[in-house]
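Contents: one structure, followed by commentary.
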Amino acid sequence: MLPHKLIEQRLQHAVQAILPGSDVAAVLVRPCPDPKFGDYQTNALMSLAKARKMNPRQLAADVTAKLDLRDCCESVEVAGAGFLNFRLAPSAMVQSLQEAARGEHLFFEKTVRPRTVLVDFSSPNVAKPMHIGHIRSTILGDSITRMLRLLGHRVITDNHIGDWGTQFGKLLVGWKHHLDLPALQIEPIGEMDRLYKLVNAAGESDPAILEQSRQELVKLQRGDEENLKIWREMLALSQAQFDRIYQRLGVNFDKALGESFYNSRLQPLVRELCDKGIARESEGAIAVFFKDIPHLKANPALIQKSDGAFNYTTTDLATLAYRLETWLPAEIVYVTDARQQLHFQQIFAVFRRWHPEAKVNLTHVWFGSILGEDGKPFKTRSGETIKLADLLDEAEERAFKVVSEKNAELSEAQRREIARIVGIGAVKYADLMSNRQSDYVFSWDKLLALNGNTAPYLQYAYTRIRSIFRKSGLETTGGGTRNPRLALAATQEIALARHLLNFGLVLEAAVDEYRPNFLCNYLFELAGHFTSFYENCPVLKAESEMRANRLLLCELTARVLKQGFEVLGIETAEQM
RNA sequence: GCGCCCGUAGCUCAGUUGGAUAGAGCAUCUGCCUUCUAAGCAGAGGGUCCUGGGUUCGAGUCCCAGCGGGCGCGCCA
């Protein structure tokens, strides 16, 4: 068991003994903010004492007296207002490193309570280019999925593609009257996008075109063969585009049930909500009102428009119900931008009335916008939305220039591959490293910077380790079990080892709050500890035992970095 | 008008159940490449955490009010 888990467990038992019946779930340890205090601390005893009007230092002393941590801690001390500081015994730290070296763990443990989680993210639209607005959802959703799976949860990813709706009326008019077939073959998305914009603009000055679009839409919805055929072709062309982007990003979905999949469920759903008295007619539409929910009081949810058509609230409700009956998830996570908060509050509120018995957790993991360096929504110079494919191309191109400068002796193919890993990694990392709820300013110079909290800096730390192993002629240390006398002496060695031990702690926090940036910060600090070690502690030039110890630290650091990157969806290169 | 979010170093941002002396990168300044990749390291300066109250042993974090900014608010998604 990892040392901090062991401490936590014993601590909870001790608290239970001193304060029978108290809720010890919140009695947790975390790394000390400053190593001078120790390795781990708990401040939970202060709040327990407060709630009981006890003397916090006395409580801490009483708990300490009940604690036996001689096998893993050098000292346990009461400090300050009632902190309890734990300093690990060097042997406990070494033991943990050796377990990791033997492959018994990588400083994290799988959950003891695996749950089924459905993650809904990305959701691009048919016949439109994927753009900058899709990137955060895609990358955050993918990383959240990877982290959950690493900790042993069962995850189903479902891409809720926008493949139905009023835009198809205009698209059909465009396709039938203005289609440029050669252009469609070369650049299908661009052509469909052009058709939509063309008809949309024409409709603004000519009501007849709008009427024509409505007619085509109605025909499609009624199952007209010709329109369905065109619609299916638009879907296939779009899916090919999505697949190319997802392949570049290394993102996979278990399911891609678009909005159209739920068409047949919408009318029955509205009828059921009306029959149950949850929804009612209002100004010609069908709406759900929330008189009893203060912040939704002024915001009823429309589930059927006055013209009889359904909207995305209807579809989302049908989708939610389908997912629940199909996969029985304990939780459904929606990864979308902040502007949809009200929408999801409405969806969740309607759903709770509709299925009050359902135990499922519904979570809206929302995120802020990507801004340009002028602080306004990120656009091209001409004011167009930035296409995702172009963004990725530019990232690779810029990375290629840097790699070529720094490492001109590598072959072009090698430099291209490194540029791909660094460029895509940099775009992803920039998105994941900031608090997802803040807007962030997109800057090529910052995300491809070679220092600071960036993908290239972290990837570089990894290549330095790999370089040591190449030079040593060893692939790895071979597990390090042949070095039972592992001892850490230099302060940089100890700082690095201590940080390695906290990987799992951080991973759990990142998953609990769906905040990959916790993991990014951890990896940045790990890379910092490593480079500091690298500068001060020669590895290959060290004498036999010290050399083996240092090689082991290198190997474990590389493994944690690689594993950390992997759950962020970022690749590593052997050299840069 | 109502609701949500934000305001931390010159700039861009972190800040984990409220917790110990508020951190990082950039920029500025000072050192370090006959030594495992200097895409690096070591160090320095730089703060009324928007303002004012409150709760608390303890507030950047919680509550209230105000100022400033972003976003959302029935037939788009």
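The chains referred to below are lettered A, B, ... by the order of the sequence lines, with proteins before strands, and numbering in each begins at 1. Only this structure's heavy atoms are used, side chains among them; waters, hydrogens and symmetry mates stay out.
An OP1 or OP2 oxygen of B/C76 is reached within less than 4.0 angstrom by a side-chain nitrogen or oxygen of A/K305. Residue A/S532 places at least one side-chain N or O closer than 4.0 Å to OP1 or OP2 of B/A42. Taking side-chain N and O atoms only, A/K471 has a distance below 4.0 Å to OP1 or OP2 of B/U37. Neither OP1 nor OP2 of B/A24 sits under 4.0 Å from any side-chain N or O of A/N521. When the side-chain nitrogen and oxygen atoms of A/R30 are compared with OP1 and OP2 of B/G19, one or more of them lie within a distance under 4.0 Å. Residue A/T531 has a polar side-chain atom (N or O) positioned under 4.0 Å from OP1 or OP2 of B/C41. Between B/C36 and A/R470, no contact under 4.0 Å exists linking OP1 or OP2 to a side-chain N or O. Proximity of A/N517 to the phosphate of B/G15: a side-chain N or O atom is located under 4.0 Å from OP1 or OP2. When the side-chain nitrogen and oxygen atoms of A/Y462 are compared with OP1 and OP2 of B/G40, none of them lie within a distance under 4.0 Å.
Side chain of A/V403, nearest nucleotide from B/G15, B/C13, B/A39: B/A39. Among the nucleotides B/A39, B/C36, B/U12, the one closest to the side chain of A/L540 is B/C36. Of the candidates B/G74, B/C36, B/A20, the closest approach to any side-chain atom of A/S282 belongs to B/G74. Ranking B/G15, B/U37, B/C41 by closeness to the A/Y460 side chain, first place goes to B/U37. Of the candidate nucleotides B/A20, B/A39, B/C41, B/A39 has the atom nearest to the side chain of A/V402. Out of B/C13, B/G74, B/A14, the shortest distance to the side chain of A/L302 is found at B/G74. Considering only side-chain atoms of A/N43, the nucleotide from B/C41, B/U17, B/G74 that sits closest is B/U17.
For B/C33, the base adopts the syn conformation, since its glycosidic angle falls within 90 degrees of zero. Syn is the classification of B/G74, since its glycosidic angle stays within 90° of 0.
A salt bridge is absent between A/D337 and A/R136: the closest approach of a Lys/Arg side-chain nitrogen to an acidic carboxylate oxygen does not fall below 4.0 angstrom.
A/R339 has its CZ atom 9 Å from the P atom of B/C71, to the nearest Å. Atoms NZ (A/K170) and P (B/A77) sit 12 Å apart, rounded to a whole Å. As a whole-Å value, the separation of A/L371 CG from B/C71 P is 9 Å. Rounded to an integer number of Å, the gap from CH2 of A/W366 to C1' of B/A77 is 19 Å. One atom, CD of A/Q341, and another, C1' of B/C5, lie 7 Å apart when rounded to the nearest Å. Rounded to an integer number of Å, the gap from CD of A/E535 to P of B/U37 is 12 Å. Remark: P of B/U35 and OH of A/Y534 are 11 Å apart, rounded to the nearest angstrom. Rounded to whole Å, atom P of B/C13 lies 9 Å from atom CG of A/D439.
One C1' atom belongs to B/G19, the other to B/G58, and the distance between them is 7 Å to the nearest Å. To the nearest whole angstrom, the two P atoms, one in B/A44 and one in B/C63, are 37 Å apart. Comparing B/G47 with B/G54, their P atoms are spaced 27 Å from each other, to the whole Å. Atom name P, nucleotides B/U61 and B/A9: the rounded distance is 15 Å, in whole Å. Taking atom P on both B/C5 and B/A65, the two are 14 Å apart, rounded to the nearest angstrom. B/C64 and B/C26 have their C1' atoms separated by 38 Å, given to the nearest Å. Taking the P atom of each, B/C13 and B/C71 are spaced 16 Å apart, rounded to whole Å. Using C1' as the reference atom, B/G1 and B/G60 are 31 Å apart when rounded to the nearest Å.
For the pair A/R416 and A/F400, the cation sits on the ring face: its NZ or CZ lies under 6.0 Å from the ring centre, inside 45° of the axis. Geometrically, A/R280 engages A/F289 in a cation-pi contact, judged by NZ or CZ lying under 6.0 Å from the ring centre and within 45° of the ring axis.
Within 4.0 Å of A/C520, counting heavy atoms only, lies no atom of the nucleic acid at all. As judged by a 4.0 angstrom heavy-atom cut-off over every strand, A/F37 is placed among the base-contacting residues. Looking at heavy-atom distances under 4.0 Å, A/A79 makes contact with a base.
Mapping A/H343 and A/N299 onto RNA chain B by nearest heavy atom places A/N299 closer to the 5' end of the strand. Annotation: of the two residues near RNA chain B, A/V422 and A/T313, the 5′-most nearest-nucleotide partner is A/V422.
Pairing for B/G18 is absent, judged as Watson-Crick or G-U wobble with the two contacts each under 3.5 Å. B/G72 is paired with B/C2 under the Watson-Crick or G-U wobble criterion, all donor-acceptor distances under 3.5 Å. For B/C36, there is no paired base (Watson-Crick or G-U wobble, both distances below 3.5 Å). Nucleotide B/G52 forms a pair with B/C64, judged by Watson-Crick or G-U wobble geometry with both contacts under 3.5 Å. Across the strands present, B/U28 finds its partner in B/A44; the criterion is a Watson-Crick or G-U wobble pair with both atom distances under 3.5 angstrom.
Taking the six-membered ring for Trp and the full ring otherwise, A/F378 and A/F442 have centroids separated by under 6.0 Å.
Within a 6.0 Å radius of CE in A/M546, other residues, nucleotides and ligands contribute 12 heavy atoms or fewer.
Under the stacking definition used here (centres under 5.5 Å, planes under 30°), the residue A/F83 qualifies as stacked on the base of B/A20.
Side-chain contact between A/V403 and A/Q414: absent, with no pair of heavy atoms (C-beta onward) separated by less than 4.5 Å. The side-chain heavy atoms of A/L151 and A/E508, taken from C-beta on, include a pair separated by under 4.5 Å. Counting only heavy atoms from C-beta outward, the side chains of A/L84 and A/F86 approach each other to under 4.5 Å.
Below 30°, between 30° and 60°, or above 60°: for A/F348 and A/Y334 the angle between ring planes is between 30° and 60°, a tilted geometry.
Under 3.5 Å, the side chain of A/S306 and the base of B/C75 form at least one donor-acceptor pair of N or O atoms.
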